Amino acid sequence: MAKKVAYMGMLTALAFVFSYIEFLLPINLGVPGIKLGLANLVVIVALYLLDVRWACSLSVVRILLVGLTFGNPASMIYSLAGGILSLVIMIIAKKGKLFSVMGVSILGGVFHNIGQIVVAVFVVETTSLLYYLPVLILSGTIAGVLIGILSAILIRHLKKAIQAEGTKCE
Amino acid sequence: MKKNDVILLAALIVAALAGFGGVSLYSKLSTREPQAVAYLDGEEQGRYPLSEDTTVEIRQTDGSYNILQIQNGKAEITAASCPDKVCVNHRPVGGQGESLVCLPNKMVVEIENGEELGIDAGTR
């Protein structure tokens, strides 16, 4: 338990820092809302190496922290919608065992964007925002692939590290 | 990377491309070209795009008529059965919201989706 809490603290800090990096270096492609989603890397790693509950709290804590520090209540609602939908879909995808880390990451990226745009449609009350959907599906897919590659590498190495440490402790 | 991942990736890219196609098609259909809309006694009689040169006769049941001519992106009334010929003497119109009116015949031609009109002149 103590070890898990330690991991959890570390991962939360990491996700927080990743969000900050993205906040400092926004990718501007003409359409608002496109980003790599580095923080999702941490959530995926938590999902695979810790468990579902920890990944959930990690994600929510990160969004609240980022919203309170670099964002505003409005951006927090968008992040929360995207983050929760993305997490739920990723959990289902992982449980279904149909996809590898790559597929889970892609689904996470795409549904993060879908969650945000759905909230935006309700807030702004314009369905014409759905015009952005194709762009956001594509950008979510690309981001998902990149994060998926990184996650797969990280999970492989971290698993070894955790196991090695586990044997050392015993 | 599993086979399912590749399928998912392909499906999403296809969905996004289909979405792009749908959006561009939809916006092409919904951006309407400038057109002259003819009304008789407040009821719409016909729509004529300003891009095509045509001549149409707007005739009432009692035999009164107005000849609407569209030429060079502008609409004008070239002949009418009314006594005063105010509509015939009106200059050709093509700007957004401009209209040709024939009161005796209760006929109105209005420009929709036309070019926005600038200010003719100003003073200060």
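For the numbers below, each heavy atom of this structure counts, side chains included, while hydrogens, waters and symmetry mates do not. Here the structure is a predicted model, which means the values were calculated and not measured. To find a chain, count down the sequence lines: A is the first, B the second, and so on, and within it residues start at 1.
Across every non-hydrogen atom of L12(B) and I137(A), the tightest pair is O-CG2, 3.8 Å. The two residues P134(A) and G19(B) make their nearest non-hydrogen contact at CG-C, 3.4 Å.
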Residue pair D5(B), I106(A): steps toward the side chain to side chain contact (heavy atoms under 4.5 Å, CB included) verdict | CA-CA 8 Å; D5(B) 297 341; I106(A) 293 172; 5.5 Å; no

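Within 6.0 Å of NZ in K159(A) there are 12 or fewer heavy atoms belonging to other residues, nucleotides or ligands. Residue E57(B) qualifies as enclosed at atom CD: its count of foreign heavy atoms under 6.0 Å is above 12. Residue F70(A) places its CZ atom among more than 12 non-hydrogen atoms of other residues, nucleotides or ligands, all under 6.0 Å distant. Heavy-atom neighbours of K106(B) NZ from other residues, nucleotides or ligands within 6.0 Å: at or below the threshold of 12.
Residue contact with chain B, scored on non-hydrogen atoms closer than 4.5 Å, involves the backbone and the side chain of L138(A) alike.
Top candidate by heavy-atom pairs under 4.5 Å with chain A, chosen from V23(B), L17(B), L8(B), is L8(B).
L64(A) and M10(A) fall into different hydrophobic clusters, where Ile, Leu, Val, Met, Phe, Trp and Tyr side chains are chained together by heavy-atom contacts under 4.5 Å.
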